[in-house]
Amino acid sequence: MENLAPALDAPVDYGVTAEVRAPQNLYALKDKDTFIVADEFGDIAGQGDGLFHNDTRILSFYRMTLGGRPMSLLSAAVAHDNVFFTCNGTNQALPYPGERMGPPGVLHIERKRFLWGERLYERVRFVNYSRDTVLLPMAIEFDADFRDMFEVRGTHRAKRGLKGPPHVDGRRVAYSYIGLDGVERASFICFSDAPYRLSAHKAEFMFSLHAEGETELYIEIGIVDGHTPSRERFRDAAARARWDMRSRRRHGARLNSSGRLFNEWLGKSRSDLALLTTKMETGPYPYAGIPWFSTAFGRDAIITAWQILWFEPSLAKGVLRYLAAHQATERSAFRDSAPGKIMHETRKGEMPAMGEVPFGRYYGGVDTTPLFVALAGAYQQRTGDDKLIDELWPALIRAMHWIEHDGDSDGDGLIDYARGQDSGLQPGLEGQRGQRLPHRRPLPVRPDRPRGGARLRLRRLSRHGAPGRASRRRQPGSDLEAEGRHAAREGRAAFLDGGAWLLRHRRRRPGPAVPAAVVQSRPPAVLRPAHARASPQGHRPAAVSPVQLRLGPADPGHRRSPL
């Protein structure tokens, strides 16, 4: 039996310790107009992932290897506040001088990164848990292709700009690119320790880790050349990033419940929204998503702001001011724009700047403009901020003009949409292109029934606020004034904004009009008691019975019977 034991100096076969790298989870971090998408190892494979700034990929390949092999993954996660990404791993068998192989699993490797000031900060820490000195050959491969977001998504370009030769200088590598739009874009990769071999696309290091020893490597990647990465710079930027996220999470009211898991879900949702919210000159604005929609979208921001309006109205204020500042002022079939229309999407990359795609500032949305007017009304009802409404009033009037003229081209009382050119969005539901919308019957126009939707919201706005505002805004003989004459018809009132008579209600006997603030959201159908409003003479309100809300004929999914 003793003959079966291997010799003490015989090479040890540790077997295959590599794991399959696909499929992988992707993890995202964001700061302003810069975001990164990488796999669970912290690497970038050069497919749909990368480090992006202003819709341009400034880091297209990024991979770390130990002795020519990837590390073995232990765990990977983004912090609860969405500031840090942390990956924990261990080494596979390491090549030693000669034919020997070092034991696997004796090193702990931690990769920790975050974004701050539109710059990537990363710390790679190695800890040796063995009793022997370990020689660790480590390499980082990288590249920058400066492709536009739409190129990464698959759009083919007939011609691109000029990419300059990489510049290698001791501890840093610089890439440059001059686009067809004449804008020079750059990417800098800097290391805290000088590699023993540095080329245009690879940095090689050799670390010697004593028993129970550790070492750290700091890396910074950004669009400008900065100072040499260090522990102090990493800690300072990390503290600033965390404090900034904490201040964004604390905007508005704080929600709490008796359920621990529910509270954790609320906290994570708050962190996700804070991650997507970007500070603009006009105020906070929620981006639509990462990676493809990390930019300002009109409809997505309006709906998000409306959903949290009851506890964080400052987001709605920022959204309204930004969209009003970017309202269309000219007609363009390429951008689907018309005076008064509210923006659907905006991009900052090279292809939109060159007009290769219409999304530099695109207005091809059918519902964004009415939602803009409706959100302004909901914001005024929630906050009573008449100063902002006065500021937005010209934009609201222009939006209503588009709704009544360009938006309703066939005069059936419903807003219609057709893209100006094939390069725009197809009519229909976004994400369901090619599918037909449900049939919608024309709405009969009757002078004894007030029209709902954005016009009703605008009329209510004109009635709120200081005395004299209504007379200053509503000109005699205008359509707005004419609509107002029928708004308080006895025994009937519009209950909800959003479409022409989408929801209606009837009382069993005539009484005062139901205030618009009774219903703050739009359920498909509800059964809710109506609240009478006291008359100006101070009389007691008349008793009313519960009312039935029915979906009107303008809604594609209406039912004829009450629910």
Side-chain angles (χ1 to χ4, degrees), residues 28-38 44-62 115 117-120 142-167 173-189 200-201 221-225 278 280-281 285 287-298 322 326 328 330 332-337 343-364 419-425:
L29 299 174
K30 174 186 170 296
D31 177 60
K32 299 178 182 177
D33 289 315
T34 302
F35 67 89
I36 183 173
V37 179
I44 295 173
Q47 300 174 1
D49 48 0
L51 176 63
F52 295 81
H53 175 73
N54 283 345
D55 295 327
T56 301
R57 187 162 62 179
I58 62 174
L59 185 65
S60 57
F61 187 77
Y62 190 60
L115 291 172
E118 300 182 322
R119 189 174 183 87
L120 174 66
F142 42 83
D143 196 7
D145 59 7
F146 296 98
R147 291 189 177 273
D148 188 272
M149 175 71 72
F150 292 96
E151 282 189 277
V152 179
R153 296 179 65 177
T155 303
H156 175 72
R157 298 185 68 187
K159 186 179 179 181
R160 300 189 77 248
L162 178 63
K163 184 178 179 180
H167 179 69
V173 177
Y175 298 97
S176 62
Y177 172 79
I178 300 179
L180 299 178
D181 55 355
V183 177
E184 182 176 0
R185 298 169 175 87
S187 178
F188 297 88
I189 304 174
H201 302 288
I221 304 174
I223 59 174
V224 296
D225 192 8
T278 302
M280 305 285 198
E281 294 181 357
Y285 197 97
Y287 281 5
I290 303 173
W292 308 130
F293 308 112
S294 184
T295 186
F297 276 75
Y322 181 86
H326 295 80
E330 60 182 8
S332 171
F334 180 66
R335 301 184 185 277
D336 280 340
S337 66
M343 181 194 74
H344 170 74
E345 175 184 357
T346 181
R347 295 286 182 175
K348 301 178 181 179
E350 178 187 0
M351 293 180 65
M354 292 300 298
E356 299 178 41
V357 292
F359 304 109
R361 190 174 295 175
Y362 186 63
Y363 295 87
R419 57 180 177 174
Q421 294 185 5
D422 293 340
S423 59
L425 295 178

So which heavy atom on [X] is nearest to which on [Y], and how close?
X: Phe188; Y: Ile223; answer: CE1-O, 3.5 Å
X: Phe297; Y: Ala288; answer: CD1-CB, 3.7 Å
X: Ala296; Y: Tyr285; answer: CB-CE2, 3.6 Å
X: Phe61; Y: Ala45; answer: CD1-O, 3.9 Å

- Query: What do the steps show when you test Tyr177 against Asp145 for side-chain hydrogen bond (donor to acceptor under 3.5 Å, both in side chains), and what is the final call?
  - Reply: CA-CA 9 Å; Tyr177 172 79; Asp145 59 7; over 6 Å; no

- Stepwise side-chain contact (heavy atoms from CB on, under 4.5 Å) check, Val224 with Arg119: CA-CA 9 Å; Val224 296; Arg119 189 174 183 87; 4.1 Å; yes

Is the shortest heavy-atom distance from the side chain of [X] to the side chain of [Y] under 4.5 Å?
X: His326; Y: Thr346; answer: no
X: Glu356; Y: Thr155; answer: no
X: Leu120; Y: Leu29; answer: no
X: Asp55; Y: Phe359; answer: no
X: Lys30; Y: Thr278; answer: yes

Looking at [atom1] of [X] and [atom2] of [Y], how far apart are the two atoms once the value is rounded to the nearest 0.5 Å?
X: Thr56; Y: Glu151; atom1: OG1; atom2: CD; result: 9.0 Å
X: Ser187; Y: His53; atom1: OG; atom2: NE2; result: 10.5 Å
X: Met280; Y: Tyr322; atom1: CE; atom2: OH; result: 4.5 Å
X: Lys348; Y: Thr295; atom1: NZ; atom2: OG1; result: 6.5 Å
X: Leu115; Y: Thr34; atom1: CG; atom2: OG1; result: 7.0 Å
X: Ile221; Y: Ile189; atom1: CD1; atom2: CD1; result: 5.0 Å

- Query: Relative to each other, are the rings of Tyr175 and Phe142 parallel, tilted or perpendicular (30° and 60° limits)?
  - Reply: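 Perpendicular, since the angle between the ring planes exceeds 60°.
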
- Task: Give the ring-plane orientation class for His344 versus Tyr362, where under 30° counts as parallel, over 60° as perpendicular and anything between as tilted.
- Result: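 Answer is perpendicular, since the angle exceeds 60°.
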
- Query: Which residues pass the side chain to side chain donor-acceptor pair (under 3.5 Å) test with Tyr62, sequence neighbours left out?
  - Reply: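 For Tyr62, the residues satisfying side chain to side chain donor-acceptor pair (under 3.5 Å) (neighbours in sequence not counted) are Glu122.
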
- Query: How would you list, by chain and number, every residue that makes a side chain to side chain donor-acceptor pair (under 3.5 Å) with Arg361, sequence neighbours excluded?
  - Reply: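 Partners of Arg361 by the side chain to side chain donor-acceptor pair (under 3.5 Å) criterion come out as none, since no residue qualifies.
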
- Listed by chain and number, what are the side-chain contact (heavy atoms from CB on, under 4.5 Å) partners of Pro352, not counting sequence neighbours?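 side-chain contact (heavy atoms from CB on, under 4.5 Å) list for Pro352, sorted by chain: Asp148, Phe150, Arg347, Val357.
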
- Per the salt bridge (Lys or Arg N to Asp or Glu O under 4.0 Å) rule, which among Arg57, Arg147, Arg157 passes with Glu350?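 Testing Glu350 for a salt bridge (Lys or Arg N to Asp or Glu O under 4.0 Å) against Arg57, Arg147, Arg157 leaves exactly one candidate, Arg157.
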
- Message: Within 45 degrees of the ring normal and closer than 6.0 Å to the centroid, is that where the cationic atom of Lys163 sits relative to Phe146?
- Response: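 No, a cation-pi geometry is absent between Lys163 and Phe146.
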
